[in-house]
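A quick write-up on the structure given underneath.
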Amino acid sequence: MEDLKQIHGQMYKLGLYCDSFCVSNLLATCAISNWGNMDYASLVFSQIDDPGTFEFNTMIRGHSKDSDFESALKLYDEMLERGNSPDNFTYPFVFKACAGLGLMKLGRSIHGQVCKFGFSDDLFVQNSLINMYGKCGNIVDSCAVFKGMEQKSVATWSALVAAHANLGMWWECLEIFGDMMEMGSWRAEESILVGVISACTHLGALDLGTSIHGYLMRNLSGLNVVVETSLIDMYIKCGSMQKGLGLFDKMKAKNRLSYSVMISGLAMHGHGHEALLLFSEMLDQGIEPDDVVYLGVLSACRHAGLAEEGLELFEKLRHENKIQPTVQHYGCILDLLGRAAMFDEAFDLIEKMSMPPNEVVWRSLLSAARIHCNLEVGDKVAKILMQLGSDNAGDYVMMSNLYARAQKWTDAASVRSMVSNRGLDQAAGLSLVEVKRKMYRFVSQDRSRSNWEEIYEMIRQMEWQLKFEGYVADTSEVLHNVDEEEKKQRLRYHSQKLALAFALLLTPEHTTIRIDYCIGPWSAKAANFQHLQYEVGPE
DNA sequence: ATAGGGTTAG
């Protein structure tokens, strides 16, 4: 920076200041390189009498790079007002600014200008458009830009994958990745693979994820922290704790995110104590925990039943680290209290919450009431949930189970009749299974695959075998407001069974089959996913 | 004359 000032001064003395080429380069160095900063660039910019397109582009780029998107857009306006015509270099930075601020409408109108000025066939402009629409959640226009492109680069594919990942459209991410490989137009790039790895994580595509890992190891000399962390997360969430832990231990540059992934991973797998140990290791390293890390540690306490430790950490979170607890933190700690049957403490805490308690909070208490067979709490919470207008069939299952356990048959029956009166149904589930690195999905009663008859026949065979082993179908947890026979049918061709039968048909003996089951609006945000993993085999 | 787009958890 000092050197830059010197050069600036020298240029002034030598009269080079009239040489706009020199000044432009000075400006670019200030704005973009690591040696300068935007304050100084603005100073230089203000000394230029008649800034041209290049100077404006440089300034817009610099602001975008600094995430100062407002200033970037202000300069773009100023540029137009002063009659400077933007070029194909201008727009990628302008769209980055729109994306950063989530200004879809503005982005769209600038897109219109781009078409008018004739820059809409520039590869870089198009890529930044895909990204802008994607960040704004407008997947339709992202795809439209993609479809209209004559030539594509790795960044094009990468932006499209990221756009779908942003909306939790993991299935589509893998489809796009498949298309890209078919085109054969790709090389070793970490960036696109990060999006794909993330899709593998969410879909439970362990084999595909593992082969991507192998590909990266063969083609790159080393992985960066981002890719490494997403691989660890992938292994853990796909059930392979050992591989995740192995990668983590060998990592050279662990950051907060790596610790965060590993801590919540350990918690998820029921290793609560190990998660807490890792948390203190992280603190020893001088890494400050954030709200997500705390969520991981609290859930570790929850899984390990460490009520005291959980409450202590909750205090620490608020007072030592000055973190404002979110509703998820409360949900976690309430679940912890509920499991420990500390219902008085739980209700006290709810009173003190800084936001109105949501359905999830009450639901965790209802579940605890069921576990401890506490009718008083169950009744109270059930009433509140109904007042909130819960339309979650699972709540009613829990309520009727609680009543049934307490042998209050009339109450149990009345809850069940409420379900039919309200026309509630259990959310449709979706099962995913990976066969030979390809994902397949099934819904209940699915007949969309060409070999569905074979699959159904397989299920009948499985049933014979199960019957032989003495298995009887349990319909008690099914809350469809349909008769027993229909319930049996639904269970019989449940999506998980279909996925399992399908995989059994296509894999050799002793193959491990993993089935991922999601409930809810599965094309929406990932937060709505509920993953239940099953492993079958190798036995 | 000078230059550019895509990146991880909850």
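Throughout, a chain's letter reflects where its sequence line sits, starting with A, and its residues are numbered from 1.
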CD of A:E189 versus C1' of B:dG6: gap in Å, rounded? 9 Å
Nearest to side-chain heavy atoms of A:N131, which nucleotide of B:dT7, B:dT2, B:dT8: B:dT7
Any salt bridge between A:R318 and A:E315, counting N to O under 4.0 Å? yes
Selected nucleotide, minimal atom distance to A:V194 side chain, candidates B:dG10, B:dT7, B:dG4: B:dT7
Here the distance between atom C1' of B:dG4 and atom NZ of A:K65, to the nearest Å, is 13 Å
Pairing donors with acceptors under 3.5 angstrom, does anything connect the side chains of A:H213 and A:T210? no
Does A:K135 reach a base, just sugar-phosphate, or nothing at all? Heavy atoms under 4.0 Å. sugar-phosphate
Once you apply a heavy-atom cut-off of 4.0 Å, does A:I32 come out as touching a base, just sugar-phosphate, or nothing? nothing
With a non-hydrogen cut-off below 4.0 angstrom, is A:V226 in contact with a base, only sugar-phosphate, or nothing? base
Does any N or O donor sit under 3.5 Å from an N or O acceptor when you compare the side chain of A:D122 with the base of B:dG4? yes
For A:Y91 and A:H111, which I'm curious about, is there any donor-acceptor pair between the side chains at under 3.5 Å? no
Tell me which nucleotide among B:dA3, B:dT7, B:dA9 gets nearest to the side chain of A:D290. B:dA9
How long is the line joining CD of A:E228 and P of B:dT7, in whole Å? 20 Å
Could one point to a donor on the side chain of A:D233 or the base of B:dA9 with an acceptor on the other under 3.5 Å away? no
Scan A:S198 against the nucleic acid and name what it touches under 4.0 Å (heavy atoms): base, sugar-phosphate only, or nothing. sugar-phosphate
A:R302 atom CZ is separated from B:dG10 atom P, nearest whole Å, by 13 Å
For A:T156, report the nucleic acid contact type (base, sugar-phosphate, nothing); a contact means any heavy atom under 4.0 Å. base
Within the 3.5 Å criterion, strictly below it, is a donor on A:S153 or A:T156 matched to an acceptor on the partner's side chain? yes
Taking any heavy-atom pair under 4.0 Å as a contact, classify A:S158: base, sugar-phosphate, or nothing. base
Kindly say whether A:S85 contributes a backbone atom to a donor-acceptor pair with the side chain of A:T53 at under 3.5 angstrom? yes
Output the single nucleotide from B:dG10, B:dA3, B:dA9 whose closest atom is nearest the side chain of A:S260. B:dA9
Given B:dG4, B:dA9, B:dG6, identify the nucleotide with an atom nearest to the side chain of A:S191. B:dG6
Residue A:F124, side-chain heavy atoms: nucleotide from B:dG4, B:dG10, B:dG6 that is nearest: B:dG4
Integer-rounded Å distance: B:dG4 P and A:H63 NE2: 18 Å
Could you work out which one of B:dG4, B:dG10, B:dG6 sits closest to the side chain of A:V292? B:dG10
Does A:R61 put a side-chain nitrogen or oxygen below 4.0 Å from OP1 or OP2 of B:dA3? no
From CD1 of A:I263 across to C1' of B:dA9 the rounded distance in Å is 12 Å
Taken to the nearest whole Å, CG/A:N255 to P/B:dA9 is 13 Å
Evaluate the side chain to side chain donor-acceptor pair (under 3.5 Å) criterion for residues A:E281 and A:Y259: first the C-alpha distance (whole Å), next the side-chain angles of each, then the deciding distance (0.1 Å), finally the verdict. CA-CA 9 Å; A:E281 183 191 308; A:Y259 274 103; 2.9 Å; yes
Have a look at A:F95 and say if it touches a base, only the backbone sugar-phosphate, or nothing, with a 4.0 Å heavy-atom cut-off. nothing
ring centroid sep under 5.5 Å plus plane angle under 30, A:F89 with B:dA3: yes
How long is the line joining CD of A:E190 and C1' of B:dT7, in whole Å? 9 Å
